[in-house]
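For reference, the structure discussed in these notes is given below.
Keep in mind that this is a model prediction, so the values were computed, not measured.
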Protein chains: 2
Amino acid sequence: MAKPVNQHKRSNSVTRIQRKNINLILDAALETFSSHGYNGTTLDEISIKSGLSKPNILYYFKSKKDIHVTLLNNLLDNWLKPLKELNSDGDPVSEITNYVQKKLDMAHEFPRESRLFAMEILQGANHMKNFIESDLKILVEQKSNVINDWVVQGLIAKVDPLHLIFSIWATTQHYSDFEEQIKLISGRQSFNPDHRASKHLKEMYTRLLRL
Amino acid sequence: MAKPVNQHKRSNSVTRIQRKNINLILDAALETFSSHGYNGTTLDEISIKSGLSKPNILYYFKSKKDIHVTLLNNLLDNWLKPLKELNSDGDPVSEITNYVQKKLDMAHEFPRESRLFAMEILQGANHMKNFIESDLKILVEQKSNVINDWVVQGLIAKVDPLHLIFSIWATTQHYSDFEEQIKLISGRQSFNPDHRASKHLKEMYTRLLRL
DNA sequence: TACTGATTTTACCAATTGGTCAAAGAAAAT
DNA sequence: ATTTTCTTTGACCAATTGGTAAAATCAGTA
């Protein structure tokens, strides 16, 4: 005769067991959502991977979608962080190449999250429209202005800030999102893709921005 | 007492009706596979979109997977074409910026195919490992050599050919694969993304390659 | 130790989904 | 016109899947 636990974290206390199991579930879910997509993931799979029974999972999350949305929400802060750190007072070129490096590090450190994000956008961004249209859009506009000021002040070459940002996103995410293709083509052992990618991208954006 | 039609195109003749219906099915399937993924697509959806009943669809294709594989296979030739056309005798910088332009045109002209491809790679490239490891890999190696020769001959700046190719793929595909995000951020009407993307990318790769 | 609330399990369901089958209906060929 | 071959449909099914209900078990605490 249990009353379901607070499924929306309204409660004040989160027990040790809750924290542990919620983490188990989210980790298992991230693993499968990011490699088979939302529809390709079953609760049974999450159940097996997390070691918790299916009804037990639904004791912590009210639905499959709820798990997915939670995962997506957990991403957002980390997603904004590197761009947030772009500093208008710093040296323009190194501010931007540092941004590239941070994005590349994130793609390398959180490939599952990166794929989850990519998959969500690819499929229409249904659960993230709100985030993109508000937080992300505002931040991008703000930083576009910073970049544009640099252009106007003659500190970097004339670039379209928006397209600069888009191409940074594209190039840095590519390495985690298209990992499979890259591994197959470059022959897994022959080199360390990340290291050379970093050099390549730094070079590319430096050359693009230098006067 | 019908005997199922040649489901593997072994037969010599393809009737007018067959051609029409196969196209209807493939078009409907491409639409849904590319926007909801393989698992997010149901035969019923394809059935509705194509106007053919579900058993009728399975009269032309022996399974859902068969439709998907057919779609993927139809992509491959077009996928290789732009890179194939990279000519070792041409002017290096314009050969490469032309390649960029062709890839961008393809992403623009075939966004559904582009997303289908992206989704397949993201989810582990199960149906395309063979293509990637053989045809694509060989072509990439060949063209990497061409680019490397240009570097050695001092015709372009020193770049890692593989990473150059990867970043071209990344930047050009980004515009169709992440279309939703781009639309939401750039505010659909404010500019024509494709036109400016083309300028931006041409500029970027020219600056990267120029001595 | 006994109580109380939190956690987990067992048994189950209704809906969806990929796929089958045999018969009915068109087209083409004779 | 009739036979033969190709095409389409209606009825159906077994497996999967997200989710529920209630009982059973466990943990913490008075």
**Prompt:** Are B/Lys81 and B/Glu85 close enough for a salt bridge, meaning some N to O gap below 4.0 Å?
**Reply:**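 The answer is no: the pair does not qualify as a salt bridge.
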**Item:** Ion pair B/Lys84/B/Asp135, N-O distance below 4.0 Å
**Value:**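 Looking at B/Lys84 and B/Asp135, the cut-off is not met.
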**Listed nucleotide nearest any side-chain atom of A/Arg16, set D/dG28, C/dG19, D/dT7** =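 Closest of the options to the side chain of A/Arg16: D/dG28.
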**Request:** Would you mind telling me which of D/dT8, D/dG18, C/dT7 lies closest to the side-chain atoms of B/Asn21?
**Result:**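 It is D/dT8.
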In whole angstrom, what separates [X]'s [atom1] from [N]'s [atom2]?
| X | N | atom1 | atom2 | answer |
| --- | --- | --- | --- | --- |
| B/Leu58 | D/dT7 | CG | P | 15 Å |
| B/Ile67 | C/dG19 | CD1 | C1' | 12 Å |
| B/Lys64 | C/dT16 | NZ | P | 15 Å |
| A/Ile17 | C/dG5 | CD1 | C1' | 12 Å |
| A/Tyr59 | C/dT7 | OH | C1' | 5 Å |
| B/Phe61 | D/dT8 | CZ | P | 13 Å |

Does a nitrogen or oxygen in the side chain of [X] sit under 4.0 Å from OP1 or OP2 of [N]?
| X | N | value |
| --- | --- | --- |
| A/Thr15 | D/dA27 | no |
| B/Gln18 | D/dC6 | no |
| B/Tyr60 | D/dT8 | yes |

**Message:** Can you list, in residue-number order, the parts of residues 41-57 of chain A that come under 4.0 Å of DNA chain C, counting heavy atoms only?
**Reply:**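 By residue number: A/Ser53, A/Pro55, A/Asn56.
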**Request:** Calculate, to the nearest 0.5 Å, the distance between atoms CG and CG belonging to B/Leu139 and B/Leu80 respectively.
**Result:**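 Result: 5.5 Å between the selected atoms.
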**Request:** With sequence neighbours excluded, tell me which residues meet salt bridge (charged side-chain N to carboxylate O under 4.0 Å, His left out) with A/Glu95.
**Result:**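 Residues passing salt bridge (charged side-chain N to carboxylate O under 4.0 Å, His left out) with A/Glu95: none at all.
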**Message:** Under 6.0 Å between ring centres: does that hold for B/His163 and A/Tyr175?
**Reply:**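 Aromatic pair counts; centres sit under 6.0 Å.
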**Request:** Could you tell me how the ring of A/Tyr38 sits relative to the ring of A/Phe33: parallel (under 30°), tilted (30 to 60°) or perpendicular (over 60°)?
**Result:**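 Parallel: the ring planes of A/Tyr38 and A/Phe33 meet at under 30°.
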